[in-house]
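Source: prediction; values computed, not measured.
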Amino acid sequence: MPTISQLPVATSITPADELPISQEGTTHSVSVGTLLAGTQPAIITETGRLLGRISLGAGSPESVAIGEGLTLKAGTLAASPLDLNILPQQATLSINDTALVDSGGGLARLPLSTLRGLYSAGSNISIDANGTISAVVTDSGSSGGFSITQLTPVGTIASSDLVAISQNGTDHTISYADLLDGLTIDNAQPAAPATDTDTLWVAQTSSTMLRQTLAAIWAWLVTKLPSYKRPVLEISSNTTLDGTIHNGRLLICSQPVTLTPVALNMGSGFHCDVLNLSGADVTLGVGILTSSGSAQLPSGQTAAISVATYSGGTVVFASVSGTVTQAAPTQAPGQVTGLTATSPTTSTIDLAWTPPSSGGAVASYLVRWSPAGANAWTQIDNISGTSTMVSGLTASTSYDFQVRATNASGSSAWTASQTALTTSGGNYSLSNVSYSPAEGSTFAIDQGGIIAQISDDSASGDGNHTVPASVAFYWSTSNTVVPTTGAQPCVQWSNAGHNLWVQYINAPGMLGNYYLWAVAKNSGGNVVATYVWPSAFTVHA
C-alpha cells in the first residue's frame, strides 16, 4: 500500500475532491465540500483586535473594546499601569486615608497612619496623632530645657541677620538692621549738663564701636583751630542777609549792591564781615544801625555786621572801619535813578530806587507823594535804604511819587514823578459761562473764532461781587502771565439775573497754541480779576 508521500501532489482543490476517512472502523470517502460544510470561514481582521459577540443571537464576530487598565498586544490581554488621573480627587486628608505607593515596581496601598509612623520628633518638637508638628517651649533652667548657650556662636553679624524678640507676649524675629533703626535718640533718657568725662560712640579705623570723652574731642578740635579759614563769599547783586548763608563769612562786594537785613532769619549772635571792593558805595539797607551814622559803606572800607537780642530788643549793628573821625562829605549826592512803584493795595504802594552814581556819599533819602497832578506833597524823611512802603493812601486813587538823596552838604534834585494807582478794594470775580467751539479746537490763520461769555458773579443769581468797569478777552501763549496787549473788549448784558460779558473773538493771526483769557479792570485801569480757559487752542496754516 503506497504512503502519503508516494501519492501525486494535487495542484488545486475543489469542493468535489474526495478524501478518505475512517468511520466506525470502515474506510469511506467524503468530498471536501461535504467535509467543510458548516465550518467557520477564515476571519481577516487587524492585529491587536479582540473579537467576540456582544450582541444577542447568532452572527459573525464583533469587535470588543479594551477597558481602562488593560492592553492587547500580540494576542495577549494584560493589565496596564494605573492612570492616576482617572481616580477621583480627595479634597481633604485624614489619618484613616490610604495612599498608593510603588512597592518593588508594583502598586500597593499604604495607610496614612503607617506613613505618619515613619517620622519622629526632634528636640523640642512634637507630632500628634493627626500629624501636626509643634514646637515645645520649656524652662531654660537646669531642668534641661532650651538654652541660648546651646546655640552655635558666630563671629560677625549682618544687617539681614535675625534677632529674637517678644512682642505682646508672642515670640517674633526682627532683622538686625531694623532693630538698630528702631533705636532713636529720643528713646534715651535725658543727660545731665555736659562734662569732660562724658563719652560718645566712635569708630576708629574699623566699624568696631569704641568710646571717646568730650575732653578728648575738644583737645582734637583745638589742634584744628589754627588752620581754620573763614569762608569767603562774593556778592555781586542786591542781597538779603541770612544766617544759613552769610553767618561767619567774609563777604566781598564786587558791585555797589544793597545789603538788606532780616533779623529773624539772621538770628541773635549772627556775625559777618563786609569788604567793599566795588569802586563805589555799598548800601547797608534799612534796619542796619551803623557806627558812622551813614548807610553808605565807601569803597575800600569794611563793616562788621552783628545781630544781638537783649532787653531792649533785637539790633543789627554795623561797625564801619575808618568812620570814627570821618569828615563830612564835600558835596551833595547826585540824583537818584530807577524809581519804581509796585505792589499797590487799597492803602499802600512799594517804592524802590537806585543810589546816585555821582556826588557825595548819601546819608539818607527823602520820599514825597501827592495825588496825581495836584502838587500837594506829603514827605517822609531819613530813609536809610533804597526802598520803602508808602502807607495811608486812598483806594482807587492815582499818586505821584518822587525821591531824592541828601547828606550834610545838601540834597540832590527830586526824581521825575512815578505815578501809580491804589486798588479799589472791591470784591471782584470772574467765572466761565460758555464758549464755542470747545477748548482744544483748531483754527486756520485769521479764519474763524470763538463766541465766549464770562460772568462777573455780581448779580443776585451769581453772588455779591463788585461789577468791574470793563472786561476784555485776550489770546496768549502763556496760561500763567496775564496778557496786556491784544485786548478784544466785551459787551456787558444781563441774562436771567446774571451779569454777563460777551464777545466774538477772532482767532489769532499766527501759528501756535494759544490760551483764552478774560481780564477784568476797575475804573482806574487796574486788573482786578482774571479767568483763563484750561486747554489751549491751536492755530495752523
Side-chain angles (χ1 to χ4, degrees), residues 1-137 160 162 173:
M1 183 176 178
T3 63
I4 291 178
S5 60
Q6 293 175 337
L7 297 177
V9 177
T11 58
S12 62
I13 297 175
T14 66
D17 292 345
E18 292 185 344
L19 296 173
I21 64 171
S22 174
Q23 193 175 53
E24 297 179 355
T26 304
T27 301
H28 296 275
S29 68
V30 63
S31 67
V32 172
T34 300
L35 179 65
L36 298 179
T39 62
Q40 174 68 47
I43 300 174
I44 307 301
T45 185
E46 299 176 2
T47 303
R49 299 292 294 274
L50 180 64
L51 300 180
R53 287 289 295 164
I54 61 175
S55 301
L56 296 177
S60 62
E62 300 174 345
S63 294
V64 178
I66 304 300
E68 296 290 345
L70 296 175
T71 59
L72 180 62
K73 185 176 182 180
T76 301
L77 185 65
S80 65
L82 177 63
D83 184 0
L84 298 180
N85 292 325
I86 68 174
L87 300 178
Q89 187 172 3
Q90 181 76 355
T92 59
L93 190 64
S94 170
I95 196 67
N96 297 320
D97 290 345
T98 300
L100 290 177
V101 297
D102 184 344
S103 178
L107 290 177
R109 295 186 302 115
L110 174 67
L112 290 187
S113 57
T114 303
L115 180 64
R116 156 68 181 85
L118 297 177
Y119 298 91
S120 60
S123 176
N124 300 318
I125 300 296
S126 66
I127 307 177
D128 64 14
N130 293 321
T132 302
I133 302 175
S134 305
V136 180
V137 179
S160 59
L162 300 178
T173 61

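Taking every heavy atom of both residues into account, Pro15 and Ser31 meet most closely at O-CB, 3.4 Å. Across all their heavy atoms, Asp17 and Ser12 have their closest contact at OD2-O, 3.7 Å.
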If you look only at distance, which donor and acceptor atoms sit under 3.5 Å apart when one is on a side chain in residues 94-111 and the other is two or more places apart or in another chain?
from	atom 1	to	atom 2	distance (Å)
Ser94	OG	Asn96	N	3.2
Asp97	OD2	Ser94	N	2.9
Asp102	OD1	Gly105	N	2.9
Asp102	OD1	Gly106	N	3.4

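The environment of Leu7 atom CG is dense: over 12 non-hydrogen atoms of other residues, nucleotides or ligands sit within 6.0 angstrom.
Within the model, atoms CG of Leu19 and CG of Leu36 stand 8.5 Å from one another, a figure rounded to the nearest 0.5 Å. Atom CD1 of Ile21 sits about 7.5 Å away from atom OG of Ser29, to the nearest 0.5 Å.
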